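These values consider heavy atoms only, across backbone and side chains, with no hydrogens, waters or symmetry-generated copies. All figures in this text were calculated on a predicted structure; none of them were measured in a lab.
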Amino acid sequence: DAIVFLQGSSWCGPDGCTMLFLQGEGEGFKVVSKVSEVLAPVRVSETLSHAWRDIIVHSNDEEKLLQFDASGYPPKAAEQPAAVQAQIDSATIVF
């Protein structure tokens, strides 16, 4: 499995960039979710939602909590609830 943070004019706008969540499948990967409006840092939490790790990203001037909902992560980070400080402090920065 992998998290890919896409950069460049095709993937980034004034509100942030696009991030992909990939799941290993055979000899390659499939896209599980595509999330827009993401800025670094990106943190991976120890907590799980539907067997996927919660993710904390910077968006809309605050740290947002992305939770898997059985089909994927939400498409727009800016529309998600803010993470609480304890969640931020316990998560690991991946980029």
Side-chain angles (χ1 to χ4, degrees):
D1 298 344
I3 299 172
V4 179
F5 189 77
L6 302 170
Q7 295 181 310
S9 60
S10 295
W11 299 102
C12 298
D15 296 324
C17 297
T18 298
M19 188 166 63
L20 301 177
F21 292 88
L22 307 176
Q23 184 174 38
E25 184 175 84
E27 303 251 345
F29 292 91
K30 72 173 182 177
V31 176
V32 174
S33 292
K34 179 176 157 182
V35 181
S36 64
E37 303 176 353
V38 175
L39 296 168
V42 175
R43 296 174 171 91
V44 176
S45 175
E46 291 296 319
T47 58
L48 303 172
S49 297
H50 297 277
W52 286 72
R53 297 227 183 246
D54 294 340
I55 307 295
I56 299 169
V57 301
H58 190 79
S59 185
N60 202 25
D61 293 327
E62 60 186 348
E63 304 309 307
K64 299 291 191 168
L65 180 64
L66 307 179
Q67 294 182 299
F68 198 83
D69 70 0
S71 62
Y73 288 97
K76 290 191 176 204
E79 296 175 355
Q80 299 314 298
V84 298
Q85 193 61 49
Q87 291 169 317
I88 296 166
D89 293 343
S90 67
T92 301
I93 295 175
V94 292
F95 50 88

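- The closest side-chain heavy-atom distance from Val31 to Leu22 is below 4.5 Å.
- A donor-acceptor contact shorter than 3.5 Å links the side chain of Lys64 to the backbone of Gln80.
- Here the shortest heavy-atom pairing between Ile56 and Ala91 reads CD1-CB, 4.1 Å.
- Two different hydrophobic clusters hold Leu65 and Phe95 under the rule that ILVMFWY side chains link at heavy-atom gaps under 4.5 Å.
- A donor-acceptor pair under 3.5 Å is absent between the side-chain atoms of Ser45 and the main chain of Ser90, judged by distance alone.
- Between Trp52 and Phe68, the ring planes lie parallel to each other; the angle is under 30°, not in the 30° to 60° tilted range.
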Original post:
How far apart are the C-alpha atoms of Ile55 and Ile3, what are their side-chain angles, what is the distance that settles it, and do they pass the side chain to side chain contact (heavy atoms under 4.5 Å, CB included) test?
Top reply: CA-CA 10 Å; Ile55 307 295; Ile3 299 172; 4.0 Å; yes
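- Ser49 approaches Asp54 most closely through the heavy-atom pair OG-OD1, 2.6 Å.
- Residues Leu20 and Val94 are members of separate hydrophobic clusters, defined by side-chain heavy-atom contacts under 4.5 angstrom among Ile, Leu, Val, Met, Phe, Trp and Tyr.
- Expressed to the nearest 0.5 Å, how far CG of Leu66 lies from NZ of Lys76 amounts to 14.0 Å.
- Listed here is the closest heavy atom pair of Ser33 and Gly72: OG-CA, 3.1 Å.
- Of all the heavy atoms in Phe5 and Val42, the pair that sits closest is CD1-CG2, 4.5 Å.
- Cluster annotation: Tyr73 and Leu48 are assigned to distinct hydrophobic clusters (Ile/Leu/Val/Met/Phe/Trp/Tyr, side-chain heavy-atom contacts under 4.5 Å, transitive).
- Residues Val35 and Ala77 share a closest heavy-atom pair of CG1-N, 3.8 Å.
- Thr18 contributes no side-chain N or O that, together with a main-chain N or O of Leu6, makes up a donor-acceptor pair within less than 3.5 Å.
- Side-chain contact between Met19 and Lys34 is absent, with no heavy-atom pair separated by less than 4.5 Å.
- At a threshold of 4.0 Å, the pair Glu63-Arg43 counts as salt-bridged, since one of the basic side-chain nitrogens sits closer than that to a carboxylate oxygen.
- Using modelled atom types, no side-chain atom of Arg53 and backbone atom of Thr47 make a donor-acceptor pair closer than 3.5 Å.
- Val38 and Ile88 fall into different hydrophobic clusters, where Ile, Leu, Val, Met, Phe, Trp and Tyr residues are linked whenever their side-chain heavy atoms come under 4.5 Å apart, directly or through other members.
- In plain terms, the two heavy atoms of Ala83 and Gln87 that are nearest each other are CA-OE1, 3.3 Å.
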